[in-house]
2 protein chains.
Amino acid sequence: MKRLTKRELRVEAIYKAALKVFAAYGFRKATIEDIANELGVGKSSLYFYVRDKRELYEKAVAYGLTRWQDKVRKAVADEPDPERKFVVMAKKAYEHLVEDQDLRRILERDPSLFPLDESRDPYAHINRASMNMIREVLANAIDAGRFRSVDLDAVPQLLFAVYVMLVQKAYMFGQGPLAGIMFEDGLDIVLDGLRKPGR
Amino acid sequence: MKRLTKRELRVEAIYKAALKVFAAYGFRKATIEDIANELGVGKSSLYFYVRDKRELYEKAVAYGLTRWQDKVRKAVADEPDPERKFVVMAKKAYEHLVEDQDLRRILERDPSLFPLDESRDPYAHINRASMNMIREVLANAIDAGRFRSVDLDAVPQLLFAVYVMLVQKAYMFGQGPLAGIMFEDGLDIVLDGLRKPGR
DNA sequence: GAACAAATGATCATATTGTTCTATAATTCG
DNA sequence: CGAATTATAGAACAATATGATCATTTGTTC
């Protein structure tokens with residue numbers, strides 16, 4: 001396992017508290033004091049870690065997104081089969097969001113997290129890394145002759161865009177029991193589209 | 001059916017919007033402007049209907065509680081059998097809260113809605129009416145020889161208090177599938193306790 | 001078209017909130 | 001230990017948000 005310094009642990013706790021409060025109230029209604037109270041600390045103390053409210057939000061969200069991404073990346077790395085890598089990637093990404101309700105609610109609330117144009121958003125490198133992961137998984141399965149050859153620039157972007165849209169429109173995470181089924185169905189469709197014919 | 005004047009319809013719409021916003025944000029974080037926006041109206045317009053924010057809250061909550069109570073009362077009136085009246089009362093009260101998530105969230109948030117002491121709270125007469133309804137249903141079933149004779153002052157208060165506690169502690173409405181089962185079980189226990197032995 | 005009902009936008013006082021600053025407390029490290 | 005650094009607290013302040021008022025306009029009723 002990885003060793004975290006005291007400082008890193010504290011910063012994590014702060015980001016988690018911030019995510020919880022921002023998820024519950026949204027950026028506007030959430031106050032620095034809410035987050036400070038969540039941590040049992042004076043509000044001025046937070047400015048030791050962060051320049052202002054906006055930066056606290058962005059760093060906390062970046063932390064949440066990175067955790068999500070890391071979890072998926074590790075699961076993908078543990079799976080040897082190229083086609084199953086793709087399935088694992090999709091499933092882990094879904095599973096994590098089901099569990100992490102704070103991150104989920106923030107993604108639902110904040111459409112600017114995945115801007116269509118990449119111009120100067122704070123999460124650009126995280127999103128680019130997600131796209132790269134998708135691209136690598138696809139390339140791997142294509143090399144192995146499992147997926148047909150697709151445009152490795154356009155398709156990862158498309159897949160990512162569809163995924164994000166599902167999250168934001170809350171189709172995926174409605175309270176009904178259809179949520180899981182819809183996800184499985186969608187994954188099947190995408191898999192069929194990618195699979196190399198005649199296998 | 002009942003005919004409502006334009007004015008009454010407008011007032012209803014305002015209370016519903018208010019309940020929605022207060023339920024989502026709580027009294028403190030909810031603003032008059034939020035509610036006005038929900039209605040697509042300037043915030044000053046609301047002061048035509050209401051003296052201040054607190055009064056808007058109290059009237060909206062009173063409206064929600066009254067609707068809840070009326071629904072239960074009608075269902076009870078439609079059921080002829082004395083013992084089943086009691087069952088219907090409990091079930092309808094439960095059902096309505098499952099459906100009306102705004103009212104439910106407000107009850108969860110605001111413990112002062114059912115003060116243990118009756119001294120000067122705005123909902124005293126509504127709560128008293130609830131207690132009276134319980135008392136009448138009990139008296140009816142006792143007269144018919146279905147329930148054993150119980151203290152008609154203490155028991156309605158107790159039942160009401162238990163019910164309110166369940167709501168506020170959210171035992172009843174947790175997200176798990178146990179919610180409904182727990183309610184049925186609790187109702188059975190109470191029914192057993194009330195039923196006249198030897199029937 | 002007079003009389004009333006309803007909504008608006010500007011305005012203002014107050015409360016809330018984000019942020020800064022200085023003083024303490026706690027911890028690290030030589 | 002004691003100095004240096006890290007972390008927090010609390011007071012203070014400026015900017016903003018918010019609740020509330022009011023004069024005016026728009027819409028409706030009869």
Side-chain angles (χ1 to χ4, degrees), chain A residues 2-64 102 105-106 109-110 112 122, chain B residues 2-64 102 105-106 109-110 112 122:
Chain A
K2 56 192 166 190
R3 292 214 45 81
L4 290 182
T5 68
K6 251 176 196 160
R7 168 76 187 223
E8 287 168 328
L9 285 174
R10 186 76 185 129
V11 168
E12 273 203 2
I14 288 171
Y15 290 163
K16 280 178 187 168
L19 282 176
K20 181 172 174 183
V21 172
F22 282 128
Y25 298 137
F27 181 81
R28 185 146 177 282
K29 298 245 174 205
T31 73
I32 295 283
E33 203 169 11
D34 289 331
I35 297 166
N37 289 341
E38 180 73 28
L39 290 160
V41 103
K43 62 176 173 175
S44 61
S45 303
L46 290 175
Y47 286 86
F48 181 74
Y49 297 91
V50 103
R51 186 187 317 272
D52 57 19
K53 185 185 177 185
R54 174 63 56 179
E55 185 181 304
L56 177 54
Y57 178 76
E58 287 173 359
K59 286 195 172 179
V61 171
Y63 166 76
D102 288 342
R105 293 188 67 177
I106 283 180
R109 278 189 199 273
D110 192 344
S112 77
Chain B
K2 56 192 167 190
R3 291 217 45 82
L4 290 182
T5 69
K6 250 175 198 163
R7 169 76 187 225
E8 287 168 328
L9 285 174
R10 186 77 186 127
V11 169
E12 274 203 1
I14 289 170
Y15 290 163
K16 281 179 188 168
L19 282 175
K20 180 172 175 184
V21 172
F22 282 127
Y25 298 136
F27 181 80
R28 186 148 177 283
K29 298 240 176 207
T31 72
I32 296 282
E33 204 169 9
D34 289 331
I35 297 165
N37 289 341
E38 181 71 28
L39 290 161
V41 103
K43 62 177 174 174
S44 61
S45 304
L46 290 175
Y47 288 88
F48 181 73
Y49 296 91
V50 103
R51 187 186 318 274
D52 57 20
K53 184 185 177 183
R54 175 62 57 179
E55 185 182 304
L56 177 54
Y57 177 77
E58 287 174 359
K59 287 195 171 178
V61 171
Y63 165 76
D102 289 342
R105 293 188 67 175
I106 284 180
R109 278 188 199 275
D110 192 344
S112 78

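Residue numbers begin at 1 in each chain, while the letters A, B, ... track the order of the sequences. Note that this is a predicted model, so its numbers are computed, not measured.
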| field | Flag side-chain contact, heavy atom, 4.5 Å: L39(A) against L46(A) | value | yes
| task | Determine whether T31(A) and Y25(A) make a side-chain contact, defined as any pair of heavy atoms from C-beta on separated by less than 4.5 Å. | result | no
| task | Kindly determine whether I106(A) and Y57(A) satisfy side-chain contact (heavy atoms from CB on, under 4.5 Å), including the steps that lead there. | result | CA-CA 10 Å; I106(A) 283 180; Y57(A) 178 76; 3.8 Å; yes
| message | Which heavy atom of Y49(A) sits nearest to which heavy atom of E55(A), and what is that distance? | response | O-OE2, 4.4 Å
| task | Sugar-phosphate atoms are those with a prime plus P, OP1 and OP2; base atoms are the rest. Using that split, label each nucleotide of nucleotides 2-11 of chain C B, S or - for protein heavy atoms under 4.0 Å, 5' to 3'. | result | ---SBSBB--
| Can you say whether the rings of F22(B) and F27(B) are parallel (under 30°), tilted (30 to 60°) or perpendicular (over 60°)? | parallel
| field | Sugar-phosphate only, base, or nothing, as touched by A36(A) at under 4.0 Å among non-hydrogen atoms | value | nothing
| query | Nearest-Å distance, NZ (K29(B)) to C1' (dT17(C))? | reply | 10 Å
| For atom CG of L9(A) and atom P of dT27(C), their distance in whole Å | 15 Å
| request: Please state how far atom NZ in K53(B) lies from atom P in dT18(D), giving the value in whole angstrom units. | output: 9 Å
| task | Have a look at R54(B) and say if it touches a base, only the backbone sugar-phosphate, or nothing, with a 4.0 Å heavy-atom cut-off. | result | nothing
| In whole Å, what is the span from the OH atom of Y47(A) to the P atom of dA12(D)? | 18 Å
| query | How long is the line joining CD1 of I32(B) and C1' of dC12(C), in whole Å? | reply | 17 Å
| To the nearest angstrom, how far is Y25(A) atom OH from dG18(C) atom C1'? | 18 Å
| Side-chain contact, heavy-atom cut-off 4.5 Å: I35(A) with K53(A)? | no
| message | Without decimals, in angstroms, what is the distance between R28(B) CZ and dA17(D) C1'? | response | 12 Å
| request: Round to a whole Å and report the spacing from CD of E33(A) to C1' of dA9(D). | output: 13 Å
